[in-house]
Amino acid sequence: MYEIDSYVFHTHCGVCKIKAIEPLSGDDSGNLYYVLSPFYGDDKNNIVRVPVDNPASLRRPLTKELALELIHKWPNIRENLYITDSKARKNAYDTALRSGYVEDLATLMEGALQRKARDGHLNSMDAQFVSRAMPIVYGELGFALEMPVDQVPEYIRLHAGK
């Protein structure tokens, strides 16, 4: 069980702080919920509730050591990471967003950004994925490395593969 004021990673929202553990208002079932406050992205000002008895969407955030390891293994931009088959790409995007695995999100995000660099734009599916994945990936890495999220891309650029 997680504790109030601890940090967790939520597969949909990224890094969150547990603000409370309480029942839903008006719910007399006795079920308790983690009340989460996301740190980054579109969900930043929202409240997210996760059942205490089913916290499958939660995990501990990356440690600094694991974040540095991920950056060391950052997807090689010299490889073609973009999935050209749109149906396979959509399935990969959906699976990665559901799982919240930062390494998978990073690889797919880099593939989409490669396409943007090559073609000068992203189609709507790629743009939606990048806008969801970027705050999750950069947010968790920034949290682990104790740096502002807007500094993470440059840090990755300087330290990837080293």
Side-chain angles (χ1 to χ4, degrees), residues 1-71 73-75 81 83 86-113 116 122-156:
M1 183 165 175
Y2 302 105
E3 297 180 11
I4 295 172
D5 290 332
S6 63
Y7 297 94
V8 293
F9 178 88
H10 185 277
T11 55
H12 181 73
C13 305
V15 176
C16 300
K17 184 174 187 176
I18 297 177
K19 295 291 194 177
I21 300 173
E22 60 190 24
L24 292 175
S25 63
D27 181 2
D28 296 330
S29 69
N31 293 330
L32 294 176
Y33 292 80
Y34 294 112
V35 180
L36 309 177
S37 178
F39 270 27
Y40 308 105
D42 294 340
D43 296 309
K44 184 176 181 181
N45 296 316
N46 294 332
I47 296 296
V48 177
R49 290 177 174 79
V50 175
V52 169
D53 63 351
N54 188 14
S57 61
L58 302 179
R59 65 167 168 76
R60 299 272 180 213
L62 290 177
T63 63
K64 184 174 185 176
E65 294 75 22
L66 289 174
L68 291 170
E69 183 180 315
L70 175 61
I71 290 169
K73 297 186 317 186
W74 197 257
L81 302 172
I83 301 169
S86 63
K87 188 178 273 189
R89 192 171 65 254
K90 178 171 181 9
N91 287 338
Y93 288 169
D94 291 344
T95 299
L97 286 168
R98 271 194 312 276
S99 74
Y101 291 126
V102 176
E103 194 167 347
D104 294 345
L105 290 167
T107 300
L108 292 167
M109 185 177 74
E110 285 297 326
L113 294 175
K116 182 177 182 181
L122 290 175
N123 65 35
S124 62
M125 179 174 62
D126 294 338
Q128 286 175 347
F129 172 75
V130 169
S131 72
R132 286 294 305 149
M134 199 172 281
I136 292 171
V137 172
Y138 293 162
E140 185 165 21
L141 292 173
F143 180 81
L145 298 172
E146 299 176 357
M147 71 174 52
V149 71
D150 61 338
Q151 293 178 10
V152 172
E154 180 67 9
Y155 185 88
I156 292 169

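Computed over heavy atoms, backbone and side chain alike; hydrogens, waters and symmetry mates excluded. Worth saying up front: this structure is predicted, and the values here are computed from it rather than measured.
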Specify the closest pair of heavy atoms between R60 and M1, including all atoms of both residues, with the distance to one decimal. NH2-O, 4.5 Å
Determine whether E140 and L66 make a side-chain contact, defined as any pair of heavy atoms from C-beta on separated by less than 4.5 Å. no
For A144 and L62, work out which heavy atoms get closest and say how close. CB-O, 3.4 Å
F143/F9 aromatic ring centres below 6.0 Å: no
Assess whether side-chain contact (heavy atoms from CB on, under 4.5 Å) is satisfied between V35 and I4, documenting all intermediate values. CA-CA 9 Å; V35 180; I4 295 172; over 6 Å; no
Go through the structure and list residues passing ring-ring contact (aromatic ring centres under 6.0 Å, His included) with Y2, not counting sequence neighbours. Y34
How long is the gap from CD on Q128 to NZ on K90, to the nearest 0.5 Å? 8.5 Å
Would you confirm whether R49, through its side chain, and E22, through its main-chain N or O, come within 3.5 Å as a donor-acceptor pair? no
Check whether any side-chain heavy atom of V152 sits under 4.5 Å from a side-chain heavy atom of M147, and report yes or no. yes
For the residue pair A133 and M109, what are the closest heavy atoms and their distance? C-SD, 4.2 Å
Derivation of the side-chain contact (heavy atoms from CB on, under 4.5 Å) call for E146 and K64: CA-CA 8 Å; E146 299 176 357; K64 184 174 185 176; 5.9 Å; no
Between atom OG1 of T107 and atom CG of L81, what is the distance when rounded to the nearest 0.5 Å? 6.5 Å
For L122, the side chain to side chain contact (heavy atoms under 4.5 Å, CB included) test, sequence neighbours excluded, returns A112, K116, D126, A127, V130
Side-chain heavy-atom pair N31, L24 within 4.5 angstrom cut-off: no
Quick one: ring-ring contact (aromatic ring centres under 6.0 Å, His included) pairs with a partner in residues 88-108, sequence neighbours left out? Y93-F129
Say you draw a straight line from CG of N46 to SG of C13; how long is it, rounded to the nearest 0.5 Å? 7.5 Å
Test item: K17 and D5 side chains (from C-beta on) under 4.5 Å apart, heavy atoms: yes
Compare every heavy atom of V149 with every heavy atom of G139, then report the nearest pair and how far apart it is. N-CG2, 3.5 Å
Supply the atom-to-atom distance K19 NZ to I47 CD1, rounded to the nearest 0.5 angstrom. 7.5 Å
Could you tell me whether the side chain of L145 reaches within less than 4.5 Å of the side chain of L68, counting heavy atoms only? yes
If I take atom CG from residue L70 and atom CG from residue L141, how far apart are they, to the nearest 0.5 angstrom? 5.5 Å
What class does the angle between the rings of Y7 and F39 fall in, given that below 30° is parallel, 30 to 60° is tilted and above 60° is perpendicular? perpendicular
Where do C16 and L36 come nearest, in terms of heavy atoms and distance? CB-CB, 3.8 Å
List for me each residue that meets side chain to side chain contact (heavy atoms under 4.5 Å, CB included) alongside P23, sequence neighbours excluded, and say none if there are none. L32
Heavy-atom pair with the smallest gap, counting every atom of I136 and T11: CD1-O, 4.1 Å
Test side chain to side chain contact (heavy atoms under 4.5 Å, CB included) applied to I83 - qualifying residues, sequence neighbours left out: A88, R89, A92, L108
Write out all pairs satisfying salt bridge (charged side-chain N to carboxylate O under 4.0 Å, His left out) with one or both partners inside residues 95-108, taking only residues at least two apart or from two chains. K73-E103
